[in-house]
Every structure is written in C-alpha cells, then in structure tokens.
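Here's the structure we're looking at; comments come further down.
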2 protein chains.
Amino acid sequence: MSKQAEFAVILKMNPMFADLGADELQRISNLCHTQHLSSGEVLFQKGDPGNALFGVRRGQIRIETGATDGSRLTLNFMGAGDLFGEVAVLDGQERTADATAGEATELFVLRREDFLSFLEREPKVAIRIIQLLCQRIRWQSERMEESVLQPLPVRLARRLCALAEDFGSEVHISQEQLGVFVGAARESVNRQLQAWRKDNILDLQRGRILLHDLTKLNTIARNE
Amino acid sequence: MSKQAEFAVILKMNPMFADLGADELQRISNLCHTQHLSSGEVLFQKGDPGNALFGVRRGQIRIETGATDGSRLTLNFMGAGDLFGEVAVLDGQERTADATAGEATELFVLRREDFLSFLEREPKVAIRIIQLLCQRIRWQSERMEESVLQPLPVRLARRLCALAEDFGSEVHISQEQLGVFVGAARESVNRQLQAWRKDNILDLQRGRILLHDLTKLNTIARNE
DNA sequence: GCGGAAGTGTGTCATAAGTCACATAAGGGC
DNA sequence: GCCCTTATGTGACTTATGACACACTTCCGC
C-alpha cells in the first residue's frame, strides 16, 4: 500500500474526516509528507504555532504538559493510527501542550499551508469541513454537560474503556495520571480501582492496570 | 440605517462574525430577510431542521425545552441584538430545543441555503469561518475543563454576570431555572443567593434578582 | 545491597452540595 | 376577599470527594 493510501486510511478512521468521500480523502492524502523522530525527540512545544496535522504511522507520541511545579504530566498517548492536531491545522493557533516521541516514531504530516490552499481550491470540501466542525461543537457541548456532572466511577470507567481501545486490556498508566485525566484526586482513583479489583473487574500493578472485564466496565460507563 | 446595515451590526457583535471584514459582513447581510412573530408564536421546535440563523431585531425569544415530566424549562432568553442558530445555519442539524416568541418580535433571518451558496462562491470566507469554528472549539474545551470544576458560587456568579450583560441589573429569572443553568439544585442556588443578599451584593424578589454590586460578583466569578 | 524516589494503599477528617421535608409568601383567577 | 398554584426560604441529614498523613512497596542507580 502506498504511503498516501495508508494516510487516507488513518484519516478515514478519524470522525473529523470519516464522512468525506474516497475521492476527497485521496486528494488530501496526496498533500502529506512523512517525518521521522527518534525516541525522546520533541515534535512541538507549548506555544509553537500549530502548523500541521499529524498521523502516527508507527511508534508513539506523548502529549504532555509541564506542570507549574516542574513535574511533567502526560495528558495523552497517541499510538499507530492516531491523528492529532486536526484543529491546529485549520486555525494555526498555538499548541497548548508539548509533544514528544516515546519511542522511534514515523509520522504523516499534513502541513497547514497545503491544506488551506487545497480548501480554497475546493470550497465544497471546505463546507464539508465546516459541517464536521459543527458536529464536533455539538458533540462537545453535549459531552460537556453530560460528562463532567457524572460521578467519579462513571468518568473513570469511561476513561479506562477509551484507553482500552488504544492499548488493549493492559493499560500502562499511573494512577496519578489517571486522576488528572478524569479530574479527580489520586486517592479517590485508587479507592475506586481497589473496589473494582475486589469485584474482579481489573487487576492492579505498579504503573499499569489489567482490565479483565471490559463488559462490566462498559456498563458502569453507560451509567444506566 | 438600512435593514441590512442593522443586521451587519448584530453580526459584528457576535464573536463568530466579529473578525470578518466590513466588506464580507455587508455581503452576508445582503442575504438576510426579516420575519415577524406575535407573542407566544412558535419559531421552531425541537427536531426541526436547523435551516436558518436568527438575529433579534426587537422583542424576545425564549429557548426552552419540554422536560420529561411535562413542565417547561427556559434555557435561555434572546433579546434585541442577540444572535442564535449560528451552528445550525452551518450544519443543518436538528434543533435541540424549542424557540417561542415571549412578546411581539421581529427577527433577521439568514437562510442556510443562501449562506452556504455564498460560502461556496467565497472560499476565503469559508476558511475564515472554519477558523472561527476552531476558535470556538478551543474556547469550549477550555471552558469545559475549567468551568464545570468550579465550585457553585463561581458558576453562579458567572451566570449572573452573563445575564446582567443581556438584561442589566434586574434579571428576571426563577431560582429553579437558574439552578438548571448552572447545574445545581434549586435549594443550593437559594442558599448562595441568600448569602449574597446578606452581603448586599444583590436583592431577591419573586421571579427576579436585583444585582446591586456587579463588581463583587465579577470578582467572585474570576475566582482569584 | 543501599538509599532514595516514585508509585501505591488506607485511615481520618472536613466540606460542598444533593435530597427530603416543610413552612412561608406572593400572585392570579373567581 | 379567598383559594390555589407557584416560588421561595430553611433546617436536618446523607453522600461523594478532596485534603492530609503516613505506611509500604518497587524500581533504579551507584
């Protein structure tokens, strides 16, 4: 499969591009480049202009933020097939976090200038993008109301399910970071995880969580 | 001032159109129509296709939702100069709430089909709109994290300040509805308002709140 | 293998906010 | 005026979660 075709597949998996036609996807894919990073190399830092969209071809990128106390907290992991910077490529605003390669990584790069001039030549695609952004705005505001008002177990279950999508049943994350993800204290996260461990829903090890029963976790996440 | 010029002024006041040039605003304004509603008349209902953007020229529109128990809760009031349906006009999705005229009302109407074909002819404006939507997405996600994690007094103060922008220092709203706005129980809202009344920040009457000290309220809203 | 750092487990306490249960008050229609 | 509905005020209780404190464990470098 050509590099471009591979990138098209990744785009297609992202909700933001999923509804575009094969034809349009292919023309966007033709704009892409690739970039290699060695482990630990910095892709961008907070404050850099957001001048591209990235797709992970292989390897891993960590999205992290330098906390005020000097410690670093990982906000997200992007693995093979993940796309990030969809918004930045469109509006060029500053990056709001740092991105570093967690291992040797190869990225697809779609540069802002290339994408914008493409949109200018293809107003129909631009309108399509507008509609997708609108969907995202709606989706966000639904989630906003819904999600944060949920009790901690629900938020935690949702996050774990989401992580399971990316990493399978063995999620490599500290309870501290999990707390940051769901907006809760580390101790509260720990207590909830302990409760689930007693119910054989999962198992705990230093720095990782083994998910045994995704089904139950999903039920909790739905909060029915 | 011509009808179109008046509409342009309203558009300009909305963050979504504020950064467009005078020239572009004027061309958009030229697409507008007007519509008259008598008091109590229904503008649209939940589930209707979102086929237009509206600006209130005079009068008042209530955005409300039929709760499952049959009672109606007002989610928002739109007064003269307010714009609503910015997202619907772009993506045409279903309305998520009902809109009714609270009094005799005259509206500016920008129809979806007119706006989209305008964007198709003017890809530069479309790209501009894309960037504005992106800003909104960023703004939303910042607020999402920030706002809902704030304690109730902060959320309440913010909402009251926002209402004061629209209605001046006499806000006509029930404590019940205020509770819905900030995602809190009516009783909690009442207790906080009572506390502020004791501090002479505001005064309470049946169905309305008199804001005496917006400055203090703003300080609380900033949560410093 | 020692020592420190980082991650984890748990008890105790404080607090914000929801829930329930009333009492009271203010308009509105007759 | 008189009732009825709706809005408001408040006390008592419960619960979820954060905050602090501290023990214990695992890993890693020297």
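In what follows, every chain begins at residue 1, and chains take the letters A, B, ... in the order their sequences are listed. Every value quoted in this text rests on a predicted model; they were computed, and no experiment measured them. Hydrogens, waters and symmetry mates play no part in the numbers below; they use all other heavy atoms, side chains included.
For the pair A:Asn190 CG and D:dT25 C1', the computed distance is 13 Å after rounding to whole Å. Atom CZ in A:Arg186 sits roughly 12 Å away from atom P in D:dA19 (whole-Å rounding). Atom pair A:His172:NE2 and D:dC27:P shows a separation of 11 Å (rounding to whole Å applied). Look at CG on B:Asp203: it is 16 Å from C1' on C:dA26, rounded to the nearest Å. Between the C1' atom of D:dA7 and the CD atom of B:Gln177 lies a distance of 11 Å, rounded to the nearest Å.
The side chain of B:Ala185 approaches C:dT19 more closely than any other nucleotide in the set C:dA26, C:dT19, D:dT10. With distances taken from any side-chain atom of B:Leu204 to the nucleotides C:dA17, C:dT10, D:dG9, the minimum falls on D:dG9. Of the candidate nucleotides C:dA6, C:dG18, C:dG27, C:dG18 has the atom nearest to the side chain of B:Ala184. Side chain of A:Ser188, nearest nucleotide from C:dG18, C:dT10, D:dG18: D:dG18. Among the nucleotides C:dA17, D:dC20, D:dT10, the one closest to any side-chain atom of A:Glu187 is D:dC20. Side-chain proximity of A:Gln175 to C:dA17, C:dT8, D:dT10: nearest is C:dT8. Closest contact between the side chain of A:Arg191 and the listed nucleotides C:dG9, D:dT8, C:dT10 involves C:dT10. Nearest to the side-chain atoms of B:Gln194 among the listed nucleotides C:dG9, D:dT17, D:dT10 stands D:dT10.
Below the 3.5 angstrom threshold, one finds no donor paired with an acceptor across the side chain of B:Arg197 and the base of D:dG9. No donor-acceptor contact under 3.5 Å links the side chain of A:Arg208 to the base of C:dG7. Side-chain to base pairing of B:Arg206 with D:dT6: one donor and one acceptor N or O lie within less than 3.5 Å of each other.
Crowding of B:His33 atom NE2: a count of heavy atoms from other residues, nucleotides or ligands under 6.0 Å exceeding 12.
Between the side chains of A:Glu86 and A:Asn14, at least one donor N or O lies within less than 3.5 Å of an accepting N or O. No donor-acceptor contact under 3.5 angstrom links the side chains of A:Arg191 and A:Gln194, judged on distance only. Of the N and O atoms on the side chains of B:Asn190 and B:Gln175, at least one donor lies less than 3.5 Å from an acceptor on the other residue.
Nucleic acid contact class of B:Gly179 (heavy atoms, under 4.0 Å, all strands): none.
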